[in-house]
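Data first, discussion second: the structure below is written as structure tokens.
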Amino acid sequence: MSDVASPPTRQDLTPGDVTETEATTTTTVPTTGADLYGDRKDVVVVRVDGTLWDLDREIPGGAVVEPVTIDEPDGLDVLRHSAAHVLAQAVQQINPEAKLGIGPPVKDGFYYDFDVAEPFTPDDLKALDKAMARIIKEGQTFRRRVVTEEEARAELAGEPYKLELIGIKGSGDDAEEAADGASVEVGAGELTIYENVRGAGRESETVVWKDLCRGPHLPNTKILGQGVKLMRSAAAYWRGSEKNPMLQRVYGTAWPSKDELKAYQERLAEAERRDHRRLGTEMDLFSFPDEIGSGLPVFHPKGGVIKRVMEDYVRQRHIEEGFDYVGTPHISKEGLFHTSGHLPYYADTMFPPMDLEGSEYRLKAMNCPMHNLIFRSRGRSYRELPLRLFEFGSVYRYEKSGVVQGLTRVRGLTQDDSHSYVTPDQAPAEVKHLLNFMLSLLKDFGLNDFYLEISTRDHAKPGKFVGSDEDWAAATKVLQDVATETGLELVPDPGGAAFYGPKISVQAKDAIGRTWQLGTVQYDFNQPEGFGLEYTAPDGTKQRPVMIHSAKFGSIERFMGVLIEHYAGQFPVWLAPVQVLAVPVAEAFDDYLKDVVAQLKAQGIRAEIDLSDDRFAKKIRNASKQKVPFTLIAGGEDAEAGAVSFRFRDGTQENGVLVAEAVEKIVAAVRDRAQV
RNA sequence: GCCGCCUUAGCUCAGUCGGUAGAGCGGUUCACUCGUAAUGAACAGGUCGACAGUUCGAUUCUGUCAGGCGGCUCCA
């Protein structure tokens, strides 16, 4: 990765500023990373004046050098990228006709794209895993060689995709822009080829494989050890464009050790156990009947409880926060979406029109146009602002068949959508209000770890966005300032804005560290103009409001999916479809527990009793599998004492709790939205 | 939408190298059942995703479509 602009480095610091544990060294005479750190097995490359270099590359005098270990982010990238090279070597060893695409490191692993006549099968992957293991075991050396463009073209004459990358570089485009990951192959500086050498240093040494690559690499394939495994293969468009040919991409994972690989595989297994699609079926929450159509969920009674409780709570909180609950239809004449400006941008993702009595109607894909009509239904005074309209809007989006996925990507969804109409002066306070409100709501549902993404217009694509540069700059500043005030991490997303204005989106981390995009706050100065929205100002003039869109969860369906995975189906009491399951030790105690259940129901608790003729142990098993927060057990000892015994989902137990206390305890757990 | 794989009972899956199918769980019934993750037995349940084609015969082979899974692209 030579000569590429890189993040600030320690060369900018005076020696006294260096607080990191890794010491830097300033070279006085030419040397190499291997000379400096050769005795440290965990050092895989060096950072020379902020850029990563191979260990055996000669470093000039006067450079600031620091070691990069295999377990730090840069070191892991090097490890994974080197694994990608081994994969490519294995592929061409088995199939010399395979043409190379690109092979960058990605989160937790790497991939490499190949143009091959036949897609890879699972058996192919097994064979490749074995071939890779052999290459790793034989300890090939990665050797860097600088080449001219002419030399590179000659050596890579048989690799059309590599030649294309050289061409991109030659044309002066930024390789990073040209193809996601292509910068791994061709940097912005000199061209290099990496050779894999068998028996390096010996007379018999042979170059067994080579690839155009900016590097750097591990010194030796042996370092990959037993931490590498191929995961799957899939197709991917060359350079990320659907206009280009499809290549076959092989994904792998790579870790510094076998144990870390195993830990990663265990994390994947845990994610699979939590998969909301699996739990949704097991817990009888929802389904996607083929007869209805792809991406259109139905909620079963237990899933319906969760959805209703979520909605009830969110509606109540909105009302407390000054929102007015409104209702709008699922369908409208399509002129409305021309007025709003949506149709030219989103026609592809709206269901096609239906012709009724000479008018074209469309299923609603967004709620804002209808809320605008509510605003416009009569004259508005500045005294009414901020005017906040909120509803659970059912919207339908024609998502392409390949992207529909569980509850997280559907074609029919319920948005917890609000639109605040404010004066331009009120906008910053309202954005702040919405953002804090959203974060507090998410915390009530048990999510506590957030970062924000701020999506702005992309000047390179003027056709995608509406409005003047000044309006965009002003709107972006409002969002930026409020987002900064939260103290949360801010990630820029240039080009990610809606056509009508910039947005902040909230990303939440779940219990196993995955992030999900949830709510958004969007600043819109375009639709008020399109709809001619006005209010009367104190001086009697007509003024244009700004509208601020906000969905707190994004969609109820997706958020339910996130919650199912976050809690692994073990919901906090207030959300659990069944909060209490009473299990009599024997039939003789049925009536005793029926009475307890009746007392709980009188307090609004979702309590059931297991009156089946299963044996006691089986009933415990069933209760456990249902993930009910409180299992209440009663037998002779409990009944005599006027008590019940609690059994919790982790198997722990609290025996002999007086019935009145038990009811109070359960009611309190629901009221406090407690997890038990 | 694109590429690959998949679709057999409510669920999870066997199976048929072309002669219309099985298990476990779940369901129903009966018997049993007084303390912490499976009591036993019997019964019911399937146009083998849909539609074409090849064939004496298709759940099995071929094609198209639908749905699912994994990616790519997209995601107001």
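Per chain, numbering begins at 1; letters A, B, ... match sequence-line order.
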Non-neighbouring partners of A/T408 that pass side-chain hydrogen bond (donor to acceptor under 3.5 Å, both in side chains), sequence neighbours left out: A/Q405

Set of side-chain hydrogen bond (donor to acceptor under 3.5 Å, both in side chains) partners for A/R232, sequence neighbours left out: none

Take atom [atom1] of [X] and atom [atom2] of [N], then tell me their distance rounded to the nearest Å.
X	N	atom1	atom2	answer
A/D493	B/rC75	CG	P	10 Å
A/L125	B/rG70	CG	C1'	12 Å
A/R232	B/rG4	CZ	C1'	13 Å
A/L593	B/rG35	CG	C1'	12 Å
A/L247	B/rG4	CG	P	14 Å
A/E587	B/rU33	CD	C1'	9 Å
A/W238	B/rC3	CH2	C1'	17 Å
A/Q415	B/rC75	CD	C1'	12 Å

Salt bridge (charged side-chain N to carboxylate O under 4.0 Å, His left out) contacts touching [range] (sequence neighbours left out):
range	value
residues 577-590 of chain A	none
residues 642-659 of chain A	A/E654-A/K665
residues 405-418 of chain A	A/E399-A/R409

Listed partners of A/A234 passing side-chain contact (heavy atoms from CB on, under 4.5 Å), at least two apart: none

Set of side-chain contact (heavy atoms from CB on, under 4.5 Å) partners for A/T515, sequence neighbours left out: A/Y451, A/K509

Mutual orientation of the aromatic rings belonging to A/Y500 and A/H549 [parallel < 30°, tilted 30-60°, perpendicular > 60°]: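 A/Y500 and A/H549: parallel rings.
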
Separation between the C1' atoms of B/rC56 and B/rG15, rounded to whole Å: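 Each nucleotide's C1' atom is 25 Å from the other's.
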
Same-atom distance (P) from B/rU12 to B/rU7, integer angstrom: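 Per the computed distance, 12 Å lies between those P atoms.
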
Could you run down the sub-3.5 Å N/O contacts of the protein with nucleotides 25-30 of chain B?
from: B/rG26; atom 1: OP1; to: A/K618; atom 2: NZ; distance (Å): 2.8

A/I620 side, atom CD1; A/D614 side, atom CG - distance, nearest 0.5 Å: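 The distance works out to 11.5 Å.
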
Which of these nucleotides, [options], is closest to any side-chain atom of [X]?
X	options	result
A/Y237	B/rC72, B/rA76, B/rU36	B/rC72
A/M350	B/rA76, B/rG35, B/rG1	B/rA76
A/A498	B/rA76, B/rC34, B/rG71	B/rA76
A/R409	B/rU36, B/rC74, B/rG1	B/rC74
A/R615	B/rU39, B/rG1, B/rA76	B/rU39
A/F589	B/rA37, B/rG71, B/rC34	B/rC34
A/N655	B/rG4, B/rA76, B/rU36	B/rU36

Phosphate OP1/OP2 of B/rA76 contacted by A/K503 side-chain N/O (<4.0 Å): yes

Do any N or O atoms of the protein come closer than 3.5 Å to N or O atoms of nucleotides 64-67 of chain B, and which pairs are they?
from: B/rG67; atom 1: O2'; to: A/D290; atom 2: OD1; distance (Å): 2.9

Those residues of residues 637-644 of chain A lying under 4.0 Å from RNA chain B by at least one heavy atom: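 Result for residues 637-644 of chain A: A/E637, A/D638, sorted by number.
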
Pairing stems for RNA chain B [at least three consecutive pairs; Watson-Crick or G-U; under 3.5 angstrom]: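 Output for stems: B:1-7 with B:66-72, B:10-13 with B:22-25, B:27-31 with B:39-43, B:49-53 with B:61-65.
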
Atom pairs and distances, donor-acceptor, side-chain atoms in residues 294-302 of chain A, under 3.5 Å, two or more places apart:
from: A/H300; atom 1: ND1; to: A/D284; atom 2: OD1; distance (Å): 2.7
from: A/H300; atom 1: NE2; to: A/S287; atom 2: N; distance (Å): 3.4
from: A/H300; atom 1: NE2; to: A/S287; atom 2: OG; distance (Å): 2.7

